[in-house]
Amino acid sequence: MRPLIAGNWKMHGTRAEALALAAALRAGCGDVAHCDLLVCPPATVLHAVAQALAGAPIALGGQDCHGEANGAHTGDIAAAMLRDAGASWVILGHSERRADHGETDETVREKVLAAVSAGLCPIVCVGESAAQRAEGRETEVVGWQISGSLPQDFSGVIAYEPIWAIGSGQHATPADVTTMHAFIREELHRQFGACGAGISILYGGSVKPANAAELLALPEVGGALVGGASLVADDFLAIARATPR
Ligand code: PEP
């Protein structure tokens with residue numbers, strides 16, 4: 001499996017800002033052919049960024065989609081609309097969606113099904129809070145999220161993102177990442193049998209150029225989901241360059 005370095009731009013970027021970032025990524029990505037690059041801009045700029053990156057080796061994704069194909073859901077976005085705007089991926093179940101919008105594992109599972117049937121590859125986020133880790137419940141929590149959020153015959157990617165590491169500047173230790181990714185791999189085997197081996201597991205949570213090489217070299221780390229550092233083209237590309245060849 002080729003490593004995947006995915007950028008989550010979150011709620012950042014006017015059209016001018018997004019196009020400037022896309023142009024810088026396009027200009028600088030020539031020497032990172034050993035990994036797959038993906039950016040997930042806000043939906044309002046997805047189509048413009050898709051046009052700006054046309055022909056470049058950088059895929060596009062959404063940050064969320066609705067669980068239904070269409071309908072009376074004011075403010076929501078269907079998976080097929082993301083696809084139509086140029087996306088081939090979608091992030092689902094990010095902890096900010098789970099916290100801000102009350103998304104449950106069940107909601108996430110419905111979204112995964114909607115994404116796959118629209119032809120999008122889902123990145124399903126899981127991860128424990130600081131309190132859950134302090135109670136020693138991190139694997140229990142992540143285990144429930146995996147069994148609740150992934151439908152039968154899941155095809156996509158998992159992102160392990162401890163909530164306390166997101167945007168905090170404090171990444172999980174290599175030992176903790178190794179333990180959790182091994183646990184997730186076991187869970188995927190348990191749920192999906194031999195197919196569980198083919199599901200890539202990204203790490204996310206304060207990945208920066210300075211820590212990327214160490215984190216991305218760990219066993220069962222198939223790449224990174226990057227928030228803050230993905231808004232700076234040089235940093236995002238430096239993380240990609242740090243991916244083991
Ligand atoms: C994220 O929100 O998915 C994330 C990993 O953010 P950051 O890299 O800023 O911690």
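Atoms within a ligand are numbered from 1 in the order they appear, just like the ligands themselves.
- Once rounded to the nearest 0.5 Å, the distance linking CD1 of Ile146 with CD1 of Ile201 reads 7.5 Å.
- Taking atom 3 (O) of ligand 1 as the reference point, the nearest protein heavy-atom neighbour is Glu161 OE2, 2.7 Å.
- Ligand 1 is approached by His94 to a heavy-atom distance shorter than 4.0 Å.
- Ligand 1 lies within reach of Ala165, whose nearest heavy atom is under 4.0 Å from it.
- For a threshold of 3.5 Å applied to N or O pairs, the pair formed by Ser206 and ligand 1 contains at least one separation below that value.
- Gly227 N, 3.6 Å is the protein heavy atom nearest to atom 4 (C) of ligand 1.
- For His101 (side chain) and Glu103 (main-chain N/O), no donor-acceptor pair under 3.5 Å exists by modelled atom type.
- The ligand atoms of ligand 1 that sit less than 4.0 angstrom from a heavy atom of Gly167 are 7 (P), 9 (O), 10 (O).
- The nearest protein atom to atom 2 (O) of ligand 1, hydrogens excluded, is given as Lys10 NZ, 2.5 Å; this is a heavy-atom distance.
- Taking 4.0 Å as the cut-off, Ala229 does not count as a neighbour of ligand 1 on heavy-atom distance.
- Judged by distance alone, the side chains of Gln63 and His94 never bring a donor and an acceptor atom under 3.5 Å apart.
- Less than 4.0 angstrom separates some heavy atom of Gly205 from each of these atoms of ligand 1: 5 (C), 10 (O).
- Under a 4.0 Å N-O distance rule, the pair Asp31/Arg241 qualifies as a salt bridge.
- Residues Leu120 and Val116 fall within the same hydrophobic cluster, defined by Ile, Leu, Val, Met, Phe, Trp and Tyr side chains chained together at heavy-atom separations under 4.5 Å.
- Tyr203 places a side-chain N or O within 3.5 Å of a backbone atom of Ala172 that can act as its donor or acceptor partner.
- Put simply, the residue from Thr104, Thr107, Asp105 that forms a side chain to side chain donor-acceptor pair (under 3.5 Å) with Arg98 is Asp105.
- Among Cys125, Ser230, Ser95, Gly228, the residue whose heavy atom lies closest to atom 9 (O) of ligand 1 is Gly228.
- Per-residue contacts place Ile166 under 4.0 angstrom from the following atoms of ligand 1 (heavy atoms of the residue considered): 1 (C), 2 (O), 4 (C), 6 (O), 10 (O).
- Residue contacts with ligand 1 leave out Lys208, since none of its heavy atoms falls under 4.0 Å from the ligand.
- A distance-only check finds no donor-acceptor pair linking the side chain of Arg109 to the backbone of Ser147 [under 3.5 Å].
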